[in-house]
Amino acid sequence: MADERAERIAESIRPFRVEPGSSVDLAKDFDPGYKAGFLRKRASLDVLRQGVQMLTEFQAKLAAQSTHGVLVVLQALDAAGKDGAIRHVMSGVNPQGVHVYSFKVPSAEELAHDYLWRYVRRLPRRGEIAIFNRSHYEEVLVVRVHQEILDHQRLPPEATADGIWHRRYRDINDWERHLVDNGFRVVKLFLNLSNEEQRTRFLRRIDLPDKNWKFSAADVRERQRWDEYQNVFSHMLSHTSTEWAPWYVIPADHKWFARIGVAAVVVNALIELDPQFPTVDEEARRGLLTVKAELENEAPHGAAPDPFQQELADAAARAEAGAHAHGHH
Ligand code: AMP
Ligand code: MG
């Protein structure tokens, strides 16, 4: 049954995967308004709850095993719902095992290093999930649209010479491959929003006073460069979706759909990683039983030698009695 669920999840995200080596034209290839015909908003809450539950279980094993780490990369235009997706999808996981990092305009110290430096510093440890809210991909997106940002990066002429974006794609692909080869899954999600839905969401941010803080004039300036962004996103997706770290383009016009899409892709990565609780070998197990005997000997007068074992036995007895009662119906 678990395998059936895994198969269903793998199946559901297949349409969102960017085939490595394919040439993406966002406007033609991916529909921001898609919401899988069979799903309704209300039923989606159940699906999301299941996804969150699975994430919680997997994350506990990932942390216990501490062999693999997971890097979740979230890219999107403004108002696509990155923050909400993170809040909902990660709502069940142990905060000790997850780090969210939002990358803003780089600081002077960050600009004094190579462009990947600040992202390397926020990578997950083994056993952890790190979420990049914006990521190293900004270096081939906003920086490509606003090439004046490159000037602040103080690169030598050979680094900014023709072919810079292809060299950056290569750097990024190689870096991600290095991470994957060393036990870190790289899960890449692009929340794909339509122009009209972005307009509506900006207006909402203006109309609702509690949302005003989220609105910035800069966002509207970026919106004027919509087509340029669609182009650099398409180009980036075409060149950095790899077998080891493929991109997923998640339809984002319906927030509820985007959230289950994000959850499904992250859960799928964890299913493939298949983390396990570590087990102890025979010798360690014998050691535990020796300690158990010592602890049982310390039981005060009148107390059960092992109160927890007593609880387990009681629960088993209750289950047995319940099964009996049902049998009579
Ligand atoms: P927000 O995610 O809405 O808080 O905005 C963060 C801002 O930082 C966006 O306008 C990004 O384009 C900008 N930003 C993020 N990374 C970079 C970068 N590497 N270079 C320049 N601007 C960036
Ligand atoms: Mg913003």
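Remember, it's 1-based here, ligands and their atoms both numbered in the order they're listed. As the structure is a prediction and not an experimental result, all values here were calculated from the model.
- Residue contacts with ligand 1 do not include Y137, since none of its heavy atoms lies under 4.0 Å from the ligand.
- Residue-level proximity to ligand 1 for D219 is absent, since no heavy atom of it falls below 4.0 angstrom.
- The pair R144-E139 does not meet the salt-bridge criterion, since no charged nitrogen lies less than 4.0 angstrom from a carboxylate oxygen.
- A donor-acceptor contact under 3.5 angstrom links the side chains of R223 and Q198, judged on distance only.
- Side-chain contact, S216 with D219: a donor N or O sits under 3.5 Å from an acceptor N or O.
- Residue contacts with ligand 1: P106 is included, with a non-hydrogen atom under 4.0 Å away.
- Residues that satisfy the ring-ring contact (aromatic ring centres under 6.0 Å, His included) test with W244, not counting sequence neighbours, are absent from this structure.
- At a heavy-atom distance under 4.0 Å, atoms from both the backbone and the side chain of K104 approach ligand 1.
- Under 4.0 Å from ligand 1, not a single heavy atom of H146 appears.
- Of all atoms in ligand 1, listed by their number and element, those nearer than 4.0 Å to a heavy atom of R118 are 16 (N), 17 (C), 18 (C), 19 (N).
- Residue F202 is found in a hydrophobic cluster whose other members, listed by chain and number, are I206, F215, V220; membership requires side-chain heavy atoms under 4.5 Å apart, directly or through intermediates.
- Considering backbone and side-chain N/O of V142, none are found under 3.5 Å from N/O of ligand 1.
- When only modelled atom types and interatomic distance are considered, Q310 and D306 share no side-chain donor-acceptor pair under 3.5 Å.
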